[in-house]
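Following: one structure in structure tokens, then a few remarks.
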Amino acid sequence: MEQYKPSKIEKKWQDKWEKSGIYKDYTKSKKFYALDMFPYPSGTGLHVGHPKGYIATDVVSRYKMLKGYSVLHPMGWDAFGLPAENYAIENKVHPKEAVDKNVVVFKKQLERMGFTYDWDREVNTTDPKYYKWTQWIFLKMFEKGLAYESNEPVNWCPKCKTVLANEDLENGLCERCGTQVVQRKMRQWVLKMTDYADRLLYDLDSEDLDWEDSIVQQQKNWIGRSEGAQFDMKIAGSNEKIEVYTTRVDTSFGMTYAIVAPEHPLIEKMKDKIENYKEVEKYIIAAQNKTELERTELQKEKTGVELKGIKVINPFNNEKISLFVADYVLGHYGTGAVMAVPAHDERDFEFAKKNNLDIKQSVAPSFMVTEGKDAVRDDKKTVKRKTVVVIIKHWKKNEIFCLNWEKFGWKSFIIGGVKDDESSENAVIREVKEESGYKDIKNVKKIGGETHSSFYAEHKGENRYAETECYVVELGGSEHIAPKDEDVKNHRGEWVPGGEVCSYINLNVHEWFCDIFEKGETAFVGNGVLINSGEFTGITSEKAREEMTKWLEKNKSGKKMVNYKMRDWVFSRQRYWGEPIPIIHCEKCGAVGVPEKDLPVELPEVESYEPTGTGESPLANIKDWVNTKCPKCGGPGKRETNTMPQWAGSSWYYLRYIDNKNSKSLIDKKKEKEWMPVDLYVGGAEHATRHLLYARFWHKFLYDIGVVSTKEPCKRFIYVGLIGAEDGRKMSKRWNNVINPDDVIKEFGADSLRLYEMFMGPFTQNIAWSTEGVKGVRGFLNKIFRYLELNIENFQKRSDGRIEQLLNKTIKKVTEDIENFRFNTSISQMMIFLNFLFKTQEELKKSKSEADRKKGEFTIGQSFMISKSDFEKFIILLSPFAPHICEEIWQEKLKHKESIFKEKWPEYDKKLIKDEEIELVVQVNGKLRDRIKVSADISEDEAKKVALESEKVNNFVKDKEPKKMIFVKGKLINIVTS
RNA sequence: GGGCGAGUGGUGGAAUCGGUAUACACGCAGGACUUAAAAUUCUGUGAAUUCAUUUUCAUGAGGGUUCGAGUCCCUCCUCGCCCACCA
């Protein structure tokens, strides 16, 4: 029998596809843009983990082609950056040479996997024809004031000898070499990404973006928007002031001191007035010399020095308080100065404790109570659960309540108020019944004391107090209907059904918390109700933030303020191998952009790529290149010698694929409209806060200047789960556990590699490689070949009914699974289908031999076998995953003249998917007791009858009378006896 | 410390709506083929119990809701990723 030999077959088809350009059909009416993160062509080549994402996009691309789409599926090289440069330094070759060499290797490796890349569209970020446009974008940003020069301290990696962006750090270490980064003041180019912060944040929730939650969340956290207030604090006896930023202006009355960061300009300004300036100066110098690591990890203890002789004034109560310098306040965030409220901020609390500073409470804890998630009414459903009603009373006893709040294990609470004159258990229960529609209230526990009660609720912007008693009431035992919207409206405000309104109960427990303060245990950082806060006393934290900010505005001493954790993008590197920044410095005109007609500013040849470490890149040594004319005034000018970071080229590459040969513009408008946005983008999750953020930023800028027509670059992004080594470690040269895809392809074939990587588990999950697993999928491919060899003469006109049905189910499942990136289950479904073909074949053999034994006539007829057209459908389903073997079968075995690419993706027949007969599951008290074959549309009555007739069932029901029966149509019946 | 996610056989995993837990695959065991091995193929394979039918127990631990829970709720434990003095 002919064996399936991947090595011969695969090469043959790869060549034919490439030659015919069959997948480059861009004439269809529907488009699909599938994008991979282009690789950095390193010297080590690919390992099996790299292509996982590429395989997935290729599967989807081929699937979309069969579905009648024009599919854009390009590939290119992100080749600027340190590794190539370091290699160049070591080996004294031009980085370009190393890159070119590596690209050849990478391309060959990718080609062996049978990807449908359109290599005519290949881009390379180091190609002057490409980086001309990277520079062009920079120039446009420069023109719009989004690229600016700055002298702020930046992260400097002493080993890489370059500045790094915030995004390039890992725990304060250089992400590339692990060296401790130091802060260094340097002139550098910065992109004003913070101007786009709000749009970058809000568009994450827009319809243009369908990304995985975790990635969206990561970006949100990275952007780190916070809303608060900024206000002035006057320095007593001086005209100077500091500005502080806080998100908790509601705690202002608890302020007992203020702090400035070591780099705050006030210190220099007030030098003369600071009595202990020497001590302060010493502290500042020490702080500057601290590494990031010391500031965070090692140096957990908060340090600081008081600026003696200086007092600042709390604008809310005109109190004079001390000012400190402490390095737990960051100079670059907010205003570099904060108010300190030890009672309500853990860091301030810690610092205050250490330095014996005052602690003053201004917010009393209160508890937010909302309904449990499961109680949120769903229009279709009855909410079924046990509910606890808590009504709070006496504040001196509520310590018990607070302590036990969580320990009781109640899952949710409804707050109810009782009318003043009706404080009794019965009143509570009656009211609960009436107002909520809940029935079967039981298990009433009184947890309150005897005195007055204080029930506090914020409802639709209004604060209400009610006198209440304190009870715990357990609701449940049977189904109840969640309240309707009308009911909510009718409520007095105390009720919060459906989780639609948040309520506060002022438990007046601050005394209890005060105890803790006195014991020195904790700060209360939650929201609550203001105490000791002058005119603001008694309102909630939320309300207080609004009101107190308004107060500041009215008194012209502060305003509402928004801050971001995200900082502007430090955009210059002091290295050779990057795009030159197209700027000329002129003594007269300052920084002048290189005129568009002179782009690209090509990287000049240098003798040494070695970084200088002086804050200039090696380009600074090429005097001929550096010295030029100012484009504005014609006078002497010097070229900018810094280069762009590695992330520049990749921030817009997806656009260039669409029109990669255009020398007149970055992209042709018509073509851009035709293809954008990217429909599917697959790549590593580690790019969530860097590349994906940068690309969105640049894209939005390009949108603003009219280059692109979409607000977001890509519609759907899915991250790839990593492939670990077989030993459970990371695949790495260091552990000598790297699996090279070339070896796998050589032994098992590209189809097996593709199929295995898609089969190994959920796509986004990290999973270890298993060579045994590859053998498994190869067996599957072999079996298809074998089945065909055995049965190619036996195809019937129409398939066995069971095969037909299973095939239609398979079409449905595979189609849906590809759309949803559940490749593993679509492959297992195809395995199930093939297994069934073998099973029917066994049945066929059996009947044959039986016929032989009886010496009867035997014809295959229409049973047991599959029709040619149905088998072909199966092959088409498999072809996106294992294109080579499918093309081989299609053209060589099934004798089609045209490629399988020309086929249409099969549709399933809804009628055929329905089962006529099912196995009715019969449960007794929820336990499986029997399965009975019945017609699929069996009625409830019939099902009951059949179920009760079953002997097995009767063993369990015995003489007990069934209390009720639960029937799920087409699935099961549950007999309840107890 | 904060955010997100996960925990199911010996292993990777399936069960997407609260309805038959362990699909599919690997591994393992036994049989066939072979001088032999590999390859291939067939059968079995959660645990306990039983000759067997069977029954009981099992989805990190413990509780809860439900006729019914891997799935929902609460508490706890473990692991992974991201961020981390952001006021």
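For clarity, every value in this text was computed on a predicted model and none was experimentally measured. Side-chain atoms are counted along with the backbone in the values below, which use heavy atoms only and exclude waters and symmetry mates. In the text below, chain A, chain B and the rest are named by the order of the sequence lines, each starting its count at 1.
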When you get a sec, tell me which of [options] is the closest nucleotide to the side chain of [X]?
{"X": "A/Phe956", "options": "B/C24, B/U56, B/A87", "result": "B/U56"}
{"X": "A/Tyr333", "options": "B/G3, B/C24, B/A87", "result": "B/A87"}
{"X": "A/Arg786", "options": "B/U41, B/U55, B/C67", "result": "B/U41"}
{"X": "A/Ile767", "options": "B/A87, B/C26, B/G12", "result": "B/G12"}
{"X": "A/Trp222", "options": "B/A84, B/G3, B/C82", "result": "B/A84"}

Just to be sure I understand the rule, does [X] reach a base, reach only the sugar-phosphate, or reach nothing, if contact means heavy atoms closer than 4.0 Å?
{"X": "A/Asp817", "result": "base"}
{"X": "A/Lys783", "result": "sugar-phosphate"}
{"X": "A/Gly334", "result": "nothing"}
{"X": "A/Arg929", "result": "sugar-phosphate"}
{"X": "A/Phe759", "result": "base"}
{"X": "A/Lys927", "result": "sugar-phosphate"}
{"X": "A/Gln923", "result": "base"}
{"X": "A/Ile832", "result": "sugar-phosphate"}
{"X": "A/Thr247", "result": "sugar-phosphate"}
{"X": "A/Asn974", "result": "base"}
{"X": "A/Phe351", "result": "nothing"}

Checklist entry - Does A/Asp327 offer a backbone N or O that forms a donor-acceptor pair with the side chain of A/Tyr283 under 3.5 Å? => result yes
Checklist entry - Is there a donor-acceptor pair closer than 3.5 Å between any side-chain N or O of A/Asp727 and the backbone N or O of A/Arg729? => result yes
Counting only side-chain N and O atoms of [X], is one of them less than 4.0 Å from OP1 or OP2 of [N]?
{"X": "A/Asn824", "N": "B/A14", "result": "yes"}
{"X": "A/Lys971", "N": "B/G68", "result": "no"}
{"X": "A/Asn835", "N": "B/A25", "result": "yes"}
{"X": "A/Tyr328", "N": "B/A87", "result": "no"}
{"X": "A/Ser226", "N": "B/A87", "result": "yes"}
{"X": "A/Lys964", "N": "B/C67", "result": "yes"}
{"X": "A/Gln765", "N": "B/G13", "result": "yes"}

Roughly how many Å is it from [atom1] in [X] to [atom2] in [N], rounded to a whole number?
{"X": "A/Phe780", "N": "B/A39", "atom1": "CZ", "atom2": "P", "value": "20 Å"}
{"X": "A/Leu790", "N": "B/U40", "atom1": "CG", "atom2": "C1'", "value": "12 Å"}
{"X": "A/Phe785", "N": "B/U40", "atom1": "CZ", "atom2": "P", "value": "16 Å"}
{"X": "A/Ile918", "N": "B/U20", "atom1": "CD1", "atom2": "C1'", "value": "11 Å"}
{"X": "A/Asn563", "N": "B/A87", "atom1": "CG", "atom2": "C1'", "value": "10 Å"}
{"X": "A/Met830", "N": "B/A14", "atom1": "CE", "atom2": "C1'", "value": "16 Å"}

Checklist outcome for this item: OG of A/Ser541 to CE of A/Met548, rounded to nearest 0.5 Å, is 10.0 Å
Next on the checklist: Angle between ring planes, A/Phe316 versus A/Phe231, binned at 30° and 60°: parallel, tilted or perpendicular?
Outcome noted: perpendicular
Next on the checklist: If you compare all heavy atoms of A/Ile259 against all heavy atoms of A/Leu323, which two are closest, and at what distance to 0.1 Å?
Outcome noted: N-CD1, 3.9 Å
Checklist entry - Quick check, are the ring centers of A/Phe324 and A/Phe351 under 6.0 angstrom apart? => result yes
Next on the checklist: Determine whether the aromatic ring centres of residues A/Phe821 and A/Phe823 are separated by less than 6.0 angstrom.
Outcome noted: yes
Checklist entry - How do A/Gly926 and A/Met760 order along RNA chain B: which one's closest nucleotide is nearer the 5' end? => result A/Met760
Next on the checklist: Using the P atom as the point on both nucleotides, what is the distance between B/C42 and B/A52, in whole Å?
Outcome noted: 26 Å
Next on the checklist: Taking B/U66 as the reference, what is the distance to B/G12 when you measure between their C1' atoms (whole Å, please)?
Outcome noted: 33 Å
